[in-house]
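Notes to accompany the following structure.
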Amino acid sequence: MTTPALLPLSGRRLPPLNLGTSSFPHHRATLRLSEKFILLLILSAFITLCFGAFFFLPDSSKHKRFDLGLEDVLIPHVDTSKGGKNLGGFLIHGQGHDEHRHREEEERLRNKIRADHEKALEEAKEKLKKSRDEIQAEIQTEKNKVVQELKKKDSKPLPPVPLPNLIGINSGEPADPDIREKRNKIKEMMKHAWDNYRQYGWGHNELKPIARKGHSTNIFGNSQMGATIVDALDTLYIMGLHDEFREGQEWIDKNLDFSVNSEVSVFEVNIRFIGGLLAAYYLSGQEVFKIKAVQLAGKLLPAFNTPTGIPWAMVNLKSGVGRNWGWASAGSSILAEFGTLHMEFVHLSYLTGDPVYYNKVMHIRKLLQKMDRPNGLYPNYLNPRTGRWGQHHTSVGGLGDSFYEYLLKAWLMSDKMDTEARKMYDDAIEAIEKHLIRKSNGGLTFIGEWKNGHLERKMGHLTCFAGGMFALGADGSRDDKAGHYLQLGAEIAHTCHESYDRTTLKLGPEAFKFDGGVEAVAVRQNEKYYILRPEVIETYWYMWRFTHDPKYRQWGWEATQAIDKYCRVSGGFSGVKDVYSSSPTYDDVQQSFFLAETLKYLYLLFSNDDLLPLDNWVFNTEAHPLPVLHLANTTLSGNPAYR
Ligand code: DMJ
């Protein structure tokens, strides 16, 4: 899915998190240490205060005291029927022969508090005597212990399941030397992106290719989860970059840890990490990827604990606390986020035999089916507390896009058995065609955005994926309109190519208009950037697979050359801020999806169709290929572990 046109450099509205200088990790460790001292001191002061307050209170407690819930300890047998009354937080008891015993009890408690307090002070003093390094080492040892215990708990072997038909994972070599050369060039670009990330950003989520250091954005919280490694694995695999693949696997095996106190995007983690790990598992057969995917999925499940079962946008991987983006309409969850979990979650249930994942996504589907849709359109915002739509905005680009994509792909992935998903897809695209798709004065077909009863004649780069989606869904379409949808896909591909061709750099802007004499051109300065996005190339590739019209390879090659010329720097690849400027400035981010998607779709475009054939593989929205599950139906009945 993703990104609204306004802010996102990485598929999201919030500004990227600045991780500071390269000395950041050390700096952060130092801060943590000082914070620990301060906390210790505050804690001692607090204990002293409590103890003092308790000890020096006027001795009227035998008559009345604050009810702190300590009755069971101090006054175990107070019975209000015998004269004691509880009056709004104060407990008042009668005099009696128990009084002496109560005093003794209180004295005993005071002594205990005093002893505990002294012990805590002694421990604190001891700690303060130690050097910073010693304390740091102690903390690390404790941490390691916890991690080891968690690992032991999480590494239970999963039940064996029959692997689906995994064909076409080592093929695709084109006979034509020119095409082979182009394909090799794309492989070389992948190597350049990977090697630089390996050298300067290893373990970080992404790379800053100019500053030559790690980078991250708010979608990954404050984690360092090696997003680029996980996202790139399957591309490395299909390109035959096996040493690099093994390096990635080793890092994942040793370092990828999800027990981090970090608030991440459920959607992004699902499509990039779970999708990436599952694809790597299916391609290589290495168990570690499956185990990690399942561990991570377990960490996302608390996000579904909402009154409706519509998940929060973000979840803290450690605490499981979820919440939504502050910018989303009326505290809503986002259609393209909670609607882009289906493929990965069905695979998780298939591989684990645990229906929990399948049930979560089917619950979302059922809930959506019951809701009224204005003009048959799905609004982008849905409140997870009330189950009501937020603002009536509909988009096939940012905030809506991959929801529609996953309806179609749920059907394809189920070997076309999940006809409920196909019906939802058909209904949705009929409404989209009726209300959002128009032709410009110059004859370009575009998909606009619906905003409170009004069509905005603007299309995002993200929306360009829809050309490929229409082509992919042509076969099996309602009323046998296959020709119509293939044609629609071709028209969208043409429009998106125009958006590239009408720029100085021959790279597409983030959003472009069809208004007031403007056609397929960005108007606002903050919509002129290109951040290495894949959607246009993705559509070229699907159109190529379905038509073999050479213009798609030609357009793909134009884009390859433009990326190599304007986005390549010695430290990797960077986005550019203005595609209409002949001297562009860089945004200094090598997005993980550049390796996962853009380079993969380009490579596939110049490969033979027997590499990852579309009858056997369905690509998730981050271009991670997942095999078709040739099951009797989507209830996973083919999985013995599930039965
Ligand atoms: C990717 O993360 C995915 O393709 C997502 O569905 C949309 N946005 C980015 C790439 O632009």
Side-chain angles (χ1 to χ4, degrees), residues 1-14 16 193 205-206 216-220 225 227-228 230-232 234-235 264-276 279 313 334-344 380 395-409 459-469 472 496 499-500 507-511 527 529-542 559 563 567 573 575-576 579 587 589-602 604 618-626:
M1 100 113 202
T2 315
T3 324
L6 280 184
L7 297 165
L9 283 190
S10 66
R12 208 56 39 256
R13 265 184 207 256
L14 300 182
N205 289 318
E206 292 176 319
S216 198
T217 65
N218 61 317
I219 58 175
F220 305 116
M225 301 202 300
T228 297
V230 182
D231 235 4
D234 51 11
T235 309
V264 299
S265 155
V266 175
F267 157 78
E268 297 286 358
V269 165
N270 177 56
I271 66 168
R272 300 190 199 211
F273 283 82
I274 296 191
I334 306 295
L335 181 69
E337 298 199 326
F338 63 79
T340 308
L341 303 167
H342 194 97
M343 293 180 67
E344 296 80 2
N380 292 334
S395 168
V396 184
L399 310 183
D401 49 13
S402 41
F403 162 68
Y404 307 101
E405 176 185 350
Y406 269 36
L407 291 178
L408 174 65
K409 290 181 174 176
M459 185 164 170
H461 191 289
L462 291 163
T463 321
C464 287
F465 91 97
M469 178 179 74
L472 184 64
C496 293
S499 79
Y500 274 51
L507 291 169
E510 180 68 5
E527 292 172 347
Y529 59 86
Y530 172 68
I531 56 167
L532 305 170
R533 286 201 193 277
E535 292 76 16
V536 176
I537 293 163
E538 174 180 351
T539 278
Y540 294 162
W541 173 61
Y542 279 109
I563 291 171
C567 301
F573 287 88
V576 290
V579 289
D587 70 4
V589 180
Q590 179 175 284
Q591 306 276 351
S592 78
F593 54 66
F594 179 63
L595 294 89
E597 298 191 73
T598 312
L599 292 171
K600 185 187 285 132
Y601 286 131
L602 281 172
L604 288 168
V618 186
F619 289 71
N620 89 339
T621 193
E622 187 79 359
H624 296 306
L626 300 176

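In what follows, every heavy atom counts, from backbone to side chain, and hydrogens, waters and symmetry copies are set aside. Numbering of ligands and ligand atoms starts at 1, following listing order. What you see is a predicted model, and the numbers here were worked out from it, not measured in a lab. Residue numbers count from 1 along this sequence.
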With a heavy-atom distance limit of 4.0 Å, tell me whether Asp401 approaches ligand 1 through its side chain, its backbone, both, or neither.
neither

Taking the side chain as every heavy atom from C-beta outward, state whether Thr217 and Asn205 have any atom pair closer than 4.5 Å.
no

Would you say Glu535 contacts ligand 1, with heavy atoms under 4.0 Å as the rule?
yes

Arg272 heavy atoms, cut-off 4.0 Å: which ligand 1 atoms fall inside?
2 (O)

How would you list, by chain and number, every residue that makes a side-chain hydrogen bond (donor to acceptor under 3.5 Å, both in side chains) with Ser395, sequence neighbours excluded?
Glu449

Distance-only N or O hit between ligand 1 and Glu622, under 3.5 Å:
yes

At less than 4.0 angstrom from any non-hydrogen atom of Leu462, what atoms of ligand 1 do you find?
7 (C), 8 (N), 11 (O)

How are the rings of Tyr530 and Tyr500 set relative to one another: parallel (under 30°), tilted (30 to 60°) or perpendicular (over 60°)?
perpendicular

Do Leu532 and Cys567 come within less than 4.5 Å of each other through their side chains, counting heavy atoms only?
yes

Between Pro534 and ligand 1, find which residue part has any heavy-atom pair under 4.0 Å and reply side chain, backbone, both or neither.
side chain

Which residues pass the side-chain hydrogen bond (donor to acceptor under 3.5 Å, both in side chains) test with Glu344, sequence neighbours left out?
Asn270, Tyr406, Asn620

